Amino acid sequence: MLFSVTMRVDLPTDMDPGAKRELLQREREYSQELQRGGEWVHIWRVVGSYANISVFDVADGDRLHGILWNLPLFPYMTVEVTPLAAHPSDIRAG
Ligand SMILES: O=C(O)C[C@H]1C=CC(=O)O1
């Protein structure tokens with residue numbers, strides 16, 4: 001199943017720099033492992049924001065919830081999930 005996910009990040013401005021660096025590194029590693037595994041299909045930066053729009057290809061909503069819930073940055077995120085379906089006008093549809 002395909003889902004579009006918008007993640008907006010809001011880190012405390014007074015966060016310890018070392019802790020922030022370590023947190024972002026863990027987030028990067030977590031994200032890239034899921035990308036390599038094929039479930040995190042796209043990640044794009046939202047121009048002008050500390051946010052991304054991503055596409056996930058996962059078994060179901062429970063799997064996506066588990067992925068998002070375990071993002072190291074999840075406690076500092078506002079997440080919007082949109083389920084996606086095939087479009088009848090898609091030229092790439094089989
Ligand atoms: O920067 C972001 O958009 C937030 C988060 C998502 C993946 C990652 O590496 O950081």
Side-chain angles (χ1 to χ4, degrees):
M1 291 178 65
L2 288 178
F3 295 87
S4 172
V5 179
T6 301
M7 303 174 205
R8 301 187 187 286
V9 182
D10 185 15
L11 288 173
T13 53
D14 62 350
M15 179 178 268
D16 172 77
K20 179 176 178 180
R21 192 168 36 254
E22 191 270 338
L23 176 62
L24 295 180
Q25 180 59 26
R26 284 194 298 117
E27 179 80 12
R28 180 185 179 91
E29 290 166 359
Y30 181 86
S31 164
Q32 292 186 337
E33 181 180 343
L34 287 163
Q35 291 178 60
R36 284 190 288 270
E39 289 182 290
W40 195 328
V41 183
H42 292 288
I43 179 168
W44 299 97
R45 175 63 78 221
V46 174
V47 174
S49 298
Y50 191 179
N52 75 73
I53 294 177
S54 292
V55 175
F56 287 83
D57 187 356
V58 294
D60 53 31
D62 289 335
R63 171 60 179 156
L64 181 60
H65 181 72
I67 288 171
L68 299 175
W69 188 264
N70 288 292
L71 284 162
L73 281 176
F74 184 75
Y76 307 101
M77 281 184 171
T78 300
V79 179
E80 179 184 347
V81 177
T82 304
L84 300 175
H87 194 287
S89 300
D90 182 358
I91 61 170
R92 289 163 297 183

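For ligands, and for the atoms within them, numbers begin at 1 and follow the listed sequence. Just so you know, these numbers use all the heavy atoms, side chains as well, and skip hydrogens, waters and symmetry mates. Quick caveat: nothing in here was measured; it's all calculated off a predicted structure.
Side-chain contact of Ser31 with Gln35: a donor-acceptor pair under 3.5 Å is present, judged by distance alone.
The aromatic rings of Trp69 and His65 are tilted relative to each other, their planes meeting at an angle between 30° and 60°.
Here the straight-line distance linking atom CG of Leu23 with atom CG of Leu71 works out to 10.5 Å at 0.5 Å rounding. Within the model, atoms CG of Leu64 and CG of Asp57 stand 11.0 Å from one another, a figure rounded to the nearest 0.5 Å.
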Write 'none' if nothing qualifies; otherwise put on separate lines each N/O atom of ligand 1 with a protein N/O atom under 3.5 Å away and their distance to 0.1 Å.
unit_1	atom_1	unit_2	atom_2	d
ligand 1	1 (O)	Arg45	NH1	3.4
ligand 1	1 (O)	Arg45	NH2	3.0
ligand 1	3 (O)	Arg45	NH1	2.8
ligand 1	3 (O)	Asn52	ND2	2.8

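Nearest heavy atoms, Leu84 versus Phe3: CD1-C, 4.0 Å.
The shortest distance between side-chain heavy atoms of Arg45 and Tyr50 falls below 4.5 Å.
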